[in-house]
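Written out below as C-alpha cells is the structure these notes cover.
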Amino acid sequence: MERKEALRKGKSLIGKDLRTLADELGITVFREGKKNKGWAGHVIERYLGLPLNSAQSPNFGSWELKLVSLKYLKTGELTVKETMAITMIDAYNVLNTPFEESHLLQKLKKMLIFARIWEGKNEPRSILYGVYEFDLTNKELYEQIKKDYELVRKTIKEKGFNALTGKIGVYIQPRTKGTGHGSTTRAFYARKNLLKKIIFGK
DNA sequence: CTATGATCATCC
DNA sequence: GGATGATCATAG
C-alpha cells in the first residue's frame with residue numbers, strides 16, 4: 001500500500017472508537033489482566049489490511065506507522081501524553097553517519113503519525129484524533145532535529161555511549177529503552193514539544 | 001535472549 | 001503535570 005493511500009484510509013478512521021474496532025477485528029487489548037501495549041497499532045494495521053509486522057525498518061515499505069497518545073488536562077485542553085519512540089541508537093552507525101543519511105531521518109520522512117485519545121489505563125474507549133505526516137520541509141524543525149542528532153554524536157564521541165541521557169536534546173532525545181533489568185540500549189524519542197508542533201501546529 | 005513499539009512508574 | 005528511566009508484550 002502506498003503512503004498516500006494509507007494516509008487517506010487512516011483519515012477515514014478519525015473520530016472512530018478504536019476500542020470497539022479492536023473487538024470487531026478480534027484484537028486482544030487485555031490478556032489476563034495485562035494490557036497489550038501494541039493494541040491500538042494492531043487495530044490500525046489490521047484495518048488498513050497490513051500484516052502485523054514487528055520487524056525493523058522494512059516495515060511496510062514506503063512508510064511507517066506510529067501511534068501517539070493524547071490526553072485531556074484538567075483544564076480540558078488536549079495535549080500529548082507521552083514521548084514517542086522513533087528508532088534504536090546504534091553508536092557505531094550514528095558516529096559514522098551524517099544526519100542527512102541517518103536512520104533517524106529516514107524514519108522521520110516515512111512515518112505517519114496516528115494520534116489517539118487516551119482515557120485511562122483500562123482503555124474504556126479511545127477515539128482516533130488525527131493522522132499526521134512528519135513535516136520536515138519546516139526549516140526550524142529540520143535544523144533543530146539535526147542539531148539534536150549532532151549533539152548525540154558529539155556526546156558519544158566525547159563521553160561515550162553510556163553518557164547519553166534523556167535530558168539531552170530539544171526535539172529529539174536519546175532515552176534508555178530495553179527489555180529492562182540492566183539493559184543499556186538507547187533509542188531516539190520524539191519529545192512532546194515536537195509532537196505538539198506536528199499535531200496541534202504549535 | 002534481544003529488538004521493537006508503546007506505555008508504566010517514579011521523581012521532581 | 002511534566003520529564004526521565006524502566007518495564008511489558010510480542011516476534012524472531
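Being a predicted model, the structure only gives us computed values, none of them experimental. Chain A is the first sequence line, chain B the second, and so forth, proteins listed ahead of strands; every chain is numbered from 1.
- Among the atoms of the strands shown, base atoms are found under 4.0 Å from some heavy atom of A/T83.
- Across the protein-nucleic acid pair, A/L164 atom CG and C/dA3 atom C1' stand 17 Å apart, rounded to whole Å.
- Relative ring orientation between A/Y149 and A/F99 is described as tilted, the plane-to-plane angle lying within the 30° to 60° band.
- The distance from atom OG1 of A/T155 to atom CG of A/N162, rounded to the nearest 0.5 Å, is 12.5 Å.
- Side-chain atoms of A/L73 lie closest to C/dG1 of the nucleotides C/dA6, C/dG1, B/dA3.
- Comparing C/dG2, B/dC8, B/dG5 by their nearest atom to the side chain of A/K81 picks out B/dC8.
- Going from atom NZ of A/K177 over to atom C1' of B/dA3 covers 7 Å, rounded to whole Å.
- Whole-Å rounding puts the A/N193 CG to C/dT4 P distance at 10 Å.
- Distances shorter than 4.0 Å separate none of the side-chain N or O atoms of A/K167 from OP1 or OP2 on C/dG2.
- Of the candidate nucleotides B/dC8, C/dG1, C/dT4, C/dT4 has the atom lying nearest to any side-chain atom of A/R191.
- Atom CZ of A/R116 is separated from atom P of B/dT7 by 5 Å (rounded to the nearest Å).
- Rounded to an integer number of Å, the gap from CG of A/L194 to P of C/dG2 is 16 Å.
- Of the candidates B/dA6, C/dG2, B/dA3, the closest approach to any side-chain atom of A/K192 belongs to C/dG2.
- Atom OH in A/Y189 sits roughly 13 Å away from atom P in B/dC8 (whole-Å rounding).
- Summarising the geometry, the separation between CG on A/L112 and P on B/dG5 is reported as 14 Å, rounded to the nearest angstrom.
- Without hydrogens or angle criteria, A/R186 side chain to A/Q173 main chain gives no donor-acceptor distance under 3.5 Å.
- Residue A/T165 has a polar side-chain atom (N or O) positioned under 4.0 Å from OP1 or OP2 of C/dG5.
- Taken from CZ in A/R8 to NZ in A/K11, the straight-line distance is 11.0 Å, to the nearest 0.5 Å.
- Side chains of A/Y171 and A/E140: a donor on one and an acceptor on the other come within 3.5 Å.
- Between A/I89 atom CD1 and B/dG5 atom P the separation is 13 Å, expressed in whole Å.
- For A/Q173, a side-chain nitrogen or oxygen approaches OP1 or OP2 of C/dT4 to under 4.0 Å.
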